[in-house]
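Comments concern the structure below.
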Amino acid sequence: MIRGSSLSGRQPLKYLNVPTKANFPFMNLISHSFPLSLPIKPYNALFPIPSLKLAKPLQSTPPLSTMDSNSTDTEVAYDLSPVLKVYKNGSIERLAGVEVVPPCLDPTTNVESKDVVISEKDGISARLFIPKTTYPPTRKLPILFYIHGGAFCIETPFSPNYHNLLNKVVSQANVIGVSVHYRRAPEHPVPIAHEDSWVALKWVASHVGGNGPDEWLNNYADLEKVFFAGDSAGANIAHYLGIRVGTEGLPGVKIEGIALVHPYFWGAEPIGCELNRAELGAKIHELWRFACPSTTGSDDPIINPGKDPKLGSLACGKVLVCVAEKDLVKDRGWYYKELLEKSGWCGVVEVEEMKDEDHVFHMFKPDCDNARVLLSQVISFIKQD
């Protein structure tokens, strides 16, 4: 560890130009970066979750060699197994990040969870988590506003990995967790995920004064002590929210800090380790264009903070950036620290680098020693005064 601081279903695609194999070369990157969760039995949610219908298991899908080439319903334009498939009729089938677990009282961490609808029209929802060790709390608790990763394309707060992660953090940091379900690309291309997360944050802010729609937040949440956190694409969104609060304001809400785990930042010009990994870097470019077809490119301020003139407006006093030694986007995390320090932002930023690990390793090795260290870094960041 290195420290540096200055502190499914198939659904129609309305926006996707169906890619060809030649211009869609990042299957290995996605399957490496976002490994499958262990399959479990799905549950029936109490409310509809758009884009969350379970995809057919991979083994039940006919192999390409047996598909009817005259069929517009089953012909595959590009096979991104084991992550997703794009069909020539403009539909998509997610093969990863589709498993869901119900909210519950977790017996290991003694954290209770529940699902809430934020916007039924747009399919925005969240899973809330509250520690039950001392209940009701003797004082109001900080809020951890968490945004999941998955290249803006896969995963949800209801997946086993994210459900278990939030249980652990909420228990050990003694916070209320709000894990956001945003609409995902390519059906809903970036920046829809960012806008949905902003809507969810404003929903949280509606509880200022104890007059919001949720009793947990009304009774037990300290809206003057809010933390943002996310991994990969979720870290990208967490950064975006920090800038937006800093430029537009959010009355009654104070952002204490932002924890970015393996943030998905990029740029047109390679830096650091990217210089020696051009082929994989090209896949990152393509992945970004797939998620955000309207983008101006990899120097779009959404993906490249160095091109955002509002960077110095980040609405918090401290930032934690966690990077992994083998991760292609590692140096973007270190560069983000430099950018913040030069932007006029007055806070403190710290970078923690995990040796011998790759992108979002903690999501598929949650019980390894390094995953525990990473978790403790985030928890310490939240708890420190």
Side-chain angles (χ1 to χ4, degrees), residues 1-7 142 144-147 149 190-191 193-194 197-198 201 225-250 253-274 284 288 296-325 327-354 359-360 374 377-385:
M1 182 175 64
I2 301 172
R3 175 176 296 181
S5 69
S6 66
L7 171 183
L144 174 64
F145 190 84
Y146 195 89
I147 307 102
V190 171
H194 299 67
S197 298
W198 176 248
L201 181 60
K225 196 166 187 178
V226 177
F227 292 85
F228 295 162
D231 61 280
S232 193
N236 177 290
I237 297 173
H239 157 78
Y240 166 87
L241 294 176
I243 297 294
R244 192 154 180 180
V245 173
T247 55
E248 298 184 20
L250 202 61
V253 176
K254 182 180 179 182
I255 312 304
E256 286 284 313
I258 302 177
L260 308 178
V261 179
H262 309 164
Y264 180 15
F265 297 141
W266 199 241
E269 294 297 323
I271 63 173
C273 64
E274 302 162 15
I284 295 283
W288 168 240
T296 56
S298 294
D299 277 343
D300 188 319
I302 297 176
I303 198 72
N304 186 349
K307 300 299 181 181
D308 189 352
K310 301 176 182 178
L311 182 61
S313 301
L314 192 67
C316 64
K318 61 179 183 177
V319 172
L320 171 67
V321 183
C322 298
V323 300
E325 181 185 24
D327 189 0
L328 179 63
V329 298
K330 172 192 73 174
D331 289 311
R332 294 288 165 178
W334 284 102
Y335 186 43
Y336 181 74
K337 171 181 180 291
E338 296 180 17
L339 291 170
L340 277 179
E341 292 173 340
K342 295 176 181 177
S343 69
W345 177 67
C346 297
V348 179
V349 57
E350 178 179 333
V351 178
E352 299 278 4
E353 180 171 334
M354 191 64 65
H359 195 67
V360 295
L374 175 59
Q377 290 168 349
V378 174
I379 291 167
S380 296
F381 174 76
I382 294 171
K383 295 179 73 172
Q384 69 185 10
D385 294 327

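When reading the values below, keep in mind they use all heavy atoms of this one structure, side chains included, and skip hydrogens, waters and symmetry mates. None of these values were measured; they are calculated from a predicted model.
Residues meeting the salt bridge (charged side-chain N to carboxylate O under 4.0 Å, His left out) test with Lys330, sequence neighbours left out: Glu353. For Lys254, the salt bridge (charged side-chain N to carboxylate O under 4.0 Å, His left out) criterion is met by Glu256, not counting sequence neighbours. The side chain to side chain contact (heavy atoms under 4.5 Å, CB included) test applied to Pro142 returns Arg139, Val175, Lys225, Phe227, not counting sequence neighbours. Remark: Ala324 engages His262, Asp327, Glu357 in a side chain to side chain contact (heavy atoms under 4.5 Å, CB included) (not counting sequence neighbours). In this structure, the side chain to side chain donor-acceptor pair (under 3.5 Å) partners of Glu325, at least two apart in sequence or on a different chain, are Lys355. Annotation: side chain to side chain donor-acceptor pair (under 3.5 Å) contacts of Tyr336 (sequence neighbours excluded): His239. For Glu248, the salt bridge (charged side-chain N to carboxylate O under 4.0 Å, His left out) partners at least two apart in sequence or on another chain are Arg244. Not counting sequence neighbours, the partners of Asp308 by the side chain to side chain contact (heavy atoms under 4.5 Å, CB included) test are Ile243, Pro301, Lys310.
Across every non-hydrogen atom of Gly333 and Val351, the tightest pair is O-CG2, 4.3 Å. Of all the heavy atoms in Ala193 and Ser197, the pair that sits closest is O-OG, 2.9 Å. Taking every heavy atom of both residues into account, Ser232 and Gly149 meet most closely at CB-CA, 4.5 Å.
Contact annotation: the side chain of Ile258 never approaches that of Leu320 to less than 4.5 Å [non-hydrogen atoms, C-beta and beyond]. Taking 4.5 Å as the limit, every side-chain heavy atom of Trp198 sits out of range of all side-chain heavy atoms of Ile237. With contacts defined as side-chain heavy-atom distances shorter than 4.5 Å, the pair Arg332/Pro263 does not qualify.
Considering CH2 of Trp334 and CD1 of Ile271, their distance stands at 12.5 Å, rounded to 0.5 Å. One finds the CD1 atom of Ile302 at 8.0 Å from the CG atom of Asn236 (value rounded to the nearest 0.5 Å). The CG atom of Leu311 sits 8.0 Å away from atom OG of Ser313, with the distance rounded to the nearest 0.5 Å. To the nearest 0.5 angstrom, Phe265 atom CZ is 9.5 Å from Leu339 atom CG. Here the straight-line distance linking atom CD1 of Ile147 with atom CG of Leu241 works out to 5.0 Å at 0.5 Å rounding. Taken to the nearest 0.5 Å, the CG atom of Leu260 stands 14.0 Å off from the NZ atom of Lys337.
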Please assess Val360 against Val261 for the test side-chain contact (heavy atoms from CB on, under 4.5 Å), listing each intermediate value before the final yes or no. CA-CA 8 Å; Val360 295; Val261 179; 5.8 Å; no
Evaluate Val323 against Met354 for side-chain contact (heavy atoms from CB on, under 4.5 Å), listing each step before the verdict. CA-CA 6 Å; Val323 300; Met354 191 64 65; over 6 Å; no
Before you tell me yes or no, could you show the steps for Asp231 and Tyr264 under side-chain hydrogen bond (donor to acceptor under 3.5 Å, both in side chains), namely the whole-Å CA-CA distance, both residues' side-chain angles and the distance that decides it to 0.1 Å? CA-CA 8 Å; Asp231 61 280; Tyr264 180 15; over 6 Å; no
Stepwise side-chain contact (heavy atoms from CB on, under 4.5 Å) test for Ile255 and Leu314: CA-CA 10 Å; Ile255 312 304; Leu314 192 67; over 6 Å; no
Worked check of side-chain contact (heavy atoms from CB on, under 4.5 Å) between Val245 and Val253: CA-CA 9 Å; Val245 173; Val253 176; over 6 Å; no
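The existence of a salt bridge linking Glu350 and Lys318 is excluded, since no basic side-chain nitrogen approaches an acidic carboxylate oxygen closer than 4.0 Å.
Pairs passing the side-chain hydrogen bond (donor to acceptor under 3.5 Å, both in side chains) check and including a residue from residues 296-306, sequence neighbours excluded, read His285-Ser298, Thr295-Asp300, Asp299-Asn304.
Between the Asp331 side chain and the Cys273 main chain, a donor and an acceptor come within less than 3.5 Å of each other. Under the 3.5 Å distance criterion, the side-chain polar atoms of Trp345 are matched with a main-chain donor or acceptor of Cys316.
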